[in-house]
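Shown next, in structure tokens, is the structure this report addresses.
Worth knowing before you read on, the calculation uses all heavy atoms, side chains too, and leaves out hydrogens, waters and symmetry mates. The chain is numbered in sequence order, starting from 1.
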Amino acid sequence: MTELSLAALELDRKLDVLPVYCYRLTFDRDHEDTDPTQLTRRGARMLSGANGWCAVTDDGPWRVLSLSPLKVLKHEWGGTCCTACDETPGVLQSRTHAERGAIQRLLNQCLMHGGRKLAYASNGHLEAEAGAGNLVRLTTCQPSERVKAGSDYLDAFQSVTLIPEVLPDGTALVGFDVRHRLLPQPHVTLDWVIRKRPEWIEGIRRVRHRYASNGQYGSADLIGMVADRTALSTFPTPKGEVSLLDYHESKGNIPDDEREAVAASQVVHVRYGRDARAKPMEHLAALLLPMFDFETLSNIDSRLLERIASSLKWPVGERLKAAFRLVKGLQVSELGACLQPLKDTHRYLRTLKPEFRLRFRGAAVADSEKAVLRHGAYRGMTRKLVVPLVVGGTDLEQEAAVRHFQEVERVCRKWHPDLTSWKTAAPADDAEALNQRLGQRKPDNTLLLIGLGRGADKKKIRDVAYRYGLATQFMRLDHPPRTYQPSYYNNLAAGVFSKGGGVLCAIDDMPGDTDLFIGLDLGGVSQRAPGLAFLFTREGAQLGWQLAEAQRGERVEDAVLGDLLERSLQAYRQVHLGALPRRIALHRDGRLFESLDVIRNFERDHSVQVDVLEVVKSGCPPLYRRGVVAENKKAFRNPEVGDAFELPGLDELIIATYSGEELGSSWGDKVTVRPLRLRKRYGETDLHTLARQVVLLSRIHGASLYRHPRLPVTTHHADRFATLRQECNLDDLSKMDRLCPVYL
């Protein structure tokens with residue numbers, strides 16, 4: 001027998017009633033261009049720093065709260081001066097949503113205060129800082145013994161992010177997110193990269209300050225190098241022209257004995273915040289650190305990433321041990337509390353695995369999409385023609401491509417008897433040659449199966465195909481020979497079949513009465529880009545994708561969201577002879593910032609009920625199962641599919657859509673399965689039914705028979721499409737058939 005649990009601790013006291021001190025906040029001048037909540041939070045942070053980093057948070061515009069009386073009531077930083085006045089005792093209660101949020105923010109700051117004390121007492125073995133979302137991150141200062149990078153520019157370090165959660169009854173949970181961080185070695189600044197590895201610059205997306213500002217190490221997007229500017233170049237300030245070097249020296253940002261090196265630094269453009277329209281700012285590369293995440297490393301040094309990939313695997317038991325080791329001794333003294341193991345967890349635990357019944361050809365039923373290899377596809381392709389061709393290949397690659405294309409066609413024909421026609425085309429030298437050919441004669445209703453020769457530009461080739469409304473399935477011709485196994489051809493065939501309008505399988509029995517599922521995504525909040533929606537029936541069949549015209553900030557505007565819903569409903573009715581869906585489920589990728597009034601108005605106008613569910617894919621503490629083996633030794637393993645930890649009173653739960661067994665013997669017990677966080681925001685369908693729908697929708701993909709998505713197909717495809725949309729030409733993409741899953 002094994003027991004399900006969450007990678008978390010809890011405070012040894014409840015925070016159901018928390019005494020605080022309330023203050024009114026004023027500023028020395030008007031800040032009309034700044035959001036009042038953001039400005040109030042900035043003032044709260046300034047006052048926290050001025051008072052020894054005690055816990056201070058916002059309580060609505062122009063009001064702040066603290067756990068103890070503030071001794072310093074006025075503080076100036078970065079040209080902003082704020083004053084706290086009218087001290088009044090107050091009480092926060094966890095049963096109230098807004099007040100519970102304030103309690104959680106105060107708890108997070110108390111954890112940071114405790115983390116800093118723990119790091120100070122570690123004699124240089126631990127560092128505490130604010131990570132993503134201002135959550136507390138503790139990182140070891142010695143490279144991880146698990147990962148031998150063997151690099152001259154980075155090392156891997158173990159870290160844990162603390163995720164506080166206050167429940168309506170006052171229970172305070174602190175979850176763990178443990179992972180390796182790839183950090184530059186001390187001598188590796190962005191200026192070092194420019195001088196020693198200039199070819200890396202285009203692959204580095206983010207940079208981090210080497211210095212702290214108001215207690216935080218800032219980070220920014222790297223835009224590029226600035227020509228004809230140096231550290232001695234000046235820029236205007238309220239006090240007159242000042243050089244970049246003198247500015248940073250006046251702020252104390254230049255490390256000891258590095259003034260000469262900083263004076264010789266390259267100048268770069270960076271952008272702060274999430275608004276892509278914000279004006280880039282100049283910075284000195286010597287005062288910036290490159291940030292090496294896995295995506296960046298795959299672009300600049302894929303060989304190193306391949307070398308350390310196996311050691312980055314981290315079993316759930318060892319991950320838990322690392323978390324407990326890193327937080328051992330952490331005190332939450334401002335709240336007079338300590339961290340302790342979870343108690344009475346049985347009241348939070350659920351098993352929500354639905355029955356997996358997928359339908360294939362001839363009414364055959366199985367529990368995995370891979371069963372298409374045995375039973376055949378549920379529905380055939382709708383594209384009339386598949387055209388295999390090689391772009392940019394050598395004579396040897398073109399010769400090998402013939403065999404590859406024949407094998408993919410053989411698999412597809414096995415899956416469905418009414419398969420579309422196949423007609424191989426002559427090779428093309430490059431994207432422009434393909435463009436010239438298609439400009440003279442464009443086949444209609446066609447899918448191109450393109451073999452990429454070494455050095456062929458996939459992006460340009462893809463844009464050309466989209467320009468003529470042609471779906472594409474790519475395959476590389478330069479893989480090692482061992483790659484071309486039956487599993488490789490099966491996945492290629494699945495991509496061809498799905499992009500060609502075929503359906504590999506259908507969901508046999510979807511829980512609830514939802515007929516239309518919509519996956520909603522902004523397509524990246526760091527760029528000005530359209531919102532998008534993906535439509536699926538209760539059988540899992542795709543009804544198409546919809547693009548909105550514009551997006552601003554972190555939310556889809558009301559009119560845009562309303563238009564997406566209207567067009568989604570029209571797409572459903574078009575293929576269902578005008579019938580309305582019984583119910584619609586809207587899956588929002590990440591937090592829902594949109595107005596629920598738009599949903600209510602849509603329900604009223606069309607007499608269709610809507611459920612809104614947030615699907616959060618990151619920042620969740622993992623689930624695990626714990627048992628006892630020989631000699632009463634504890635053993636840890638990954639959760640089962642459908643294992644869930646419900647947060648009572650919040651209509652939220654953390655759920656596993658994967659199990660270790662599904663990952664196989666080579667991975668299942670060597671990695672930690674990441675769960676999803678589901679948060680119901682609107683509607684009458686119960687959370688458990690919505691969760692079972694999500695698990696079922698994670699079982700279909702269309703282009704990978706051996707690995708299903710961790711996310712439901714709604715937000716998984718929206719997430720994939722968001723990446724594609726930022727890479728390809730939008731004008732060309734707009735010419736594509738909305739029913740074609742171009743992002744697979």
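- Between Arg146 and Asp155 there is no salt bridge, since no side-chain N of the basic residue sits under 4.0 Å from a carboxylate O of the acidic one.
- Counting heavy-atom neighbours within 6.0 Å of Lys459 NZ, excluding the residue itself, gives a total above 12.
- Heavy-atom contacts from other residues, nucleotides or ligands closer than 6.0 Å to CG of Asp152 number more than 12.
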- Any chance you could lay out the salt bridge (charged side-chain N to carboxylate O under 4.0 Å, His left out) test for Arg197 and Asp191, step after step, and finish with the verdict? CA-CA 10 Å; Arg197 307 281 202 279; Asp191 199 54; over 6 Å; no
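- Using modelled atom types, one finds no donor on one side chain facing an acceptor on the other under 3.5 Å when comparing Ser159 with His180.
- Between the CG atom of Leu222 and the CG atom of Leu190 there is a distance of 5.5 Å, given to the nearest 0.5 Å.
- Here the two rings, on His283 and His269, have centers that are 6.0 Å apart or farther.
- Counting heavy atoms of neighbouring residues, nucleotides and ligands inside a 6.0 Å radius, atom CD of Glu260 does not exceed 12 of them.
- The heavy-atom pair separating Pro621 from Pro675 by the smallest distance is O-CG, 3.5 Å.
- Applying the 6.0 Å contact sphere to CD of Glu76 captures more than 12 heavy atoms from other residues, nucleotides or ligands.
- A cation-pi arrangement is not found for Arg179 relative to Trp314, the charged atom failing to lie both closer than 6.0 Å to the ring centre and inside a 45° cone about the ring normal.
- A salt bridge is defined here as a Lys NZ or Arg NE, NH1 or NH2 lying under 4.0 Å from an Asp or Glu carboxylate O, and Arg181 with Asp293 fails to meet this definition.
- Nearest approach of Cys620 to Ile163, heavy atoms of both residues: C-CD1, 4.2 Å.
- Within 6.0 Å of NZ in Lys458 there are 12 or fewer heavy atoms belonging to other residues, nucleotides or ligands.
- Between Arg137 and Glu127 there is no salt bridge, since no side-chain N of the basic residue sits under 4.0 Å from a carboxylate O of the acidic one.
- Under the rule for a salt bridge (Lys or Arg N to Asp or Glu O under 4.0 Å), Glu334 has no partner lying at least two apart in sequence or in another chain.
- The two residues Gln104 and Glu165 come nearest to each other via the heavy atoms OE1-CA, 3.4 Å.
- Contacts of Glu258 classified as salt bridge (Lys or Arg N to Asp or Glu O under 4.0 Å), with partners at least two apart in sequence or in another chain: Arg210.
- Between Leu25 and Leu47, the closest side-chain pair of non-hydrogen atoms falls below 4.5 Å.
- No salt bridge links Asp301 with Arg307; every basic N to acidic carboxylate O contact stays at or beyond 4.0 Å.
- Residues Tyr153 and Trp200 place their aromatic rings such that the two centres sit under 6.0 Å apart.
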- Task: For the pair Val207 and Val268, evaluate side chain to side chain contact (heavy atoms under 4.5 Å, CB included) and give the outcome as yes or no after the intermediate values.
- Result: CA-CA 11 Å; Val207 291; Val268 295; over 6 Å; no
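- Nearest approach of Val270 to Ala220, heavy atoms of both residues: CB-CB, 3.9 Å.
- Shown here is Phe157, whose CZ atom has more than 12 heavy atoms of other residues, nucleotides or ligands within 6.0 Å.
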- Item | salt bridge (charged side-chain N to carboxylate O under 4.0 Å, His left out) evaluation trace for Glu594 with Arg588 | CA-CA 10 Å; Glu594 290 73 38; Arg588 176 62 159 90; 2.9 Å; yes
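- The existence of a salt bridge linking Asp58 and Arg41 is confirmed by a sub-4.0 Å separation between a basic side-chain nitrogen and an acidic carboxylate oxygen.
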- Message: Apply side chain to side chain contact (heavy atoms under 4.5 Å, CB included) to residues Leu335 and Leu67 and explain how you reach the verdict.
- Response: CA-CA 8 Å; Leu335 291 170; Leu67 292 176; 3.8 Å; yes
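- Of the candidates Arg206, Arg208, His209, Ser219 forms a side-chain hydrogen bond (donor to acceptor under 3.5 Å, both in side chains) with just one, namely Arg206.
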- Message: Determine whether Leu520 and Asp589 satisfy the following criterion, side chain to side chain contact (heavy atoms under 4.5 Å, CB included), listing intermediate values before the conclusion.
- Response: CA-CA 6 Å; Leu520 179 66; Asp589 186 0; over 6 Å; no
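- For Lys313, the NZ atom is densely surrounded, since the number of other residues' heavy atoms within 6.0 Å is greater than 12.
- Judged as a ring pair (Phe, Tyr, Trp, His ring centres under 6.0 Å), and not counting sequence neighbours, His113 has no contacts.
- A salt bridge does not link Glu614 to Arg677: none of the charged nitrogens lies less than 4.0 Å from a carboxylate oxygen.
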- Given the rule in the side chain to side chain contact (heavy atoms under 4.5 Å, CB included) test, do Leu70 and Tyr23 qualify, once you have shown the distances and angles that lead to the verdict? CA-CA 9 Å; Leu70 300 178; Tyr23 297 87; 3.8 Å; yes
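- Between Leu183 atom CG and Phe292 atom CZ the span is 9.5 Å, to the nearest 0.5 Å.
- No hydrogens or angles considered: nothing links the side chains of Gln158 and Thr140 as a donor-acceptor pair under 3.5 Å.
- If you look at Tyr217 and Tyr211, their ring centroids are not closer than 6.0 Å.
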